Amino acid sequence: MADDYGGVFGAFPYAFRHSESLLFKLYVLVGALASGIVSLFVVFGLVVLIGTTAAVPGGALTLSRPFYILVGLFIVAPLVAPVLFVARRHRRTGSDRRYDLSLALTGFLFVLSVYVGLVISVPTDLQTPPQPFTLGPLTVSALVPVVELLYDLPPLYALVPPLVCALAIYGAHRLLR
């Protein structure tokens, strides 16, 4: 059988086809969609940033452009890392359902951590008071204190959840390989 891996973009269909874990297959789809959306946000944001700083002479503002790209890479890299790790493992040693499942769980955890980081970083003047939501006949209010706690944290703490989860992805890879 010919090797149909084909690099970073080919890793997604390769990992999807060769994994036996349904949760990992779902992560391949979610990870591809999330990394595509984040990449689009970074590209469009960079275009806006260049447009607003084009007339400004060199200095600190021109340094913000590569920093913006670097932040985007720090979000996209952990999104695609589980897929790349699993595709590489399948090419080298074959399938391991526990490995695939662990990387899918840590990948989903990273997606959730990015959302938590975004909630922490919401400026005070843009925060809306959290309210319970209803799911049919049930009213869920357990998340209200959690959102209030996240709003109360300093904005710099927004880096902690994604960083910890990115390290968890790498840790799961190292532990189970």
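The shown structure was predicted, so the numbers you read here are calculated from the model rather than taken from an experiment. Basis for what follows: all heavy atoms, side chains included, without hydrogens, waters or symmetry-related copies. All residue numbers in this chain count up from 1 along the given sequence.
The distance from atom CG of Leu159 to atom CD1 of Ile120, rounded to the nearest 0.5 Å, is 9.0 Å. Rounded to the nearest 0.5 angstrom, Tyr68 OH and Ile50 CD1 are separated by 10.5 Å. With rounding to the nearest 0.5 angstrom, the CD1 atom of Ile75 is 13.0 Å from the CD1 atom of Ile37. With rounding to the nearest 0.5 Å, the separation of OH in Tyr151 from OG1 in Thr128 is 4.0 Å. With rounding to the nearest 0.5 angstrom, the OG1 atom of Thr93 is 9.5 Å from the CZ atom of Arg88. With rounding to the nearest 0.5 angstrom, the CG atom of Leu26 is 9.0 Å from the CZ atom of Phe16.
When hydrophobic clusters are built by joining Ile, Leu, Val, Met, Phe, Trp and Tyr residues whose side-chain heavy atoms come closer than 4.5 Å, directly or via intermediates, Leu103 is not grouped with Leu112. Val28 and Leu176 fall within the same hydrophobic cluster, defined by Ile, Leu, Val, Met, Phe, Trp and Tyr side-chain heavy atoms under 4.5 Å apart, directly or through other members. Note on Leu29: it clusters hydrophobically with Phe85, by side-chain heavy-atom contacts below 4.5 Å among ILVMFWY residues. Cluster membership check: Phe24 shares its hydrophobic cluster with Val80, using side-chain heavy-atom separations under 4.5 Å among Ile, Leu, Val, Met, Phe, Trp and Tyr. Linking ILVMFWY side-chain heavy atoms closer than 4.5 Å, directly or via other members, places Phe74 and Leu167 in two distinct hydrophobic clusters.
Minimum heavy-atom separation, His90 to Ser19: CE1-CA, 3.8 Å. Between Pro162 and Ser113 the shortest heavy-atom distance is CA-OG, 3.3 Å. Taking all atoms of both residues into account, the shortest heavy-atom contact from Gly72 to Val42 is CA-CG2, 3.6 Å. Residues Ser39 and Val76 share a closest heavy-atom pair of OG-CG2, 3.8 Å.
Residues Pro82 and Phe110 are not in side-chain contact: their nearest non-hydrogen atoms beyond the backbone lie 4.5 Å or more apart.
Between the side chain of Ser121 and the backbone N or O of Leu118 there is at least one donor-acceptor pair closer than 3.5 Å. Of the possible polar contacts, one joining the Ser35 side chain to the Gly31 backbone as a donor-acceptor pair under 3.5 Å is found.
Aromatic ring pairs are classed by plane angle as parallel below 30°, tilted from 30° to 60° and perpendicular above 60°; the pair Tyr27 and Phe108 is perpendicular.
Remark: Leu22 CG is loosely packed, at most 12 non-hydrogen atoms of other residues, nucleotides or ligands lying under 6.0 Å away.
Here Thr106 pairs with nothing under the side chain to side chain donor-acceptor pair (under 3.5 Å) rule; sequence neighbours left out.
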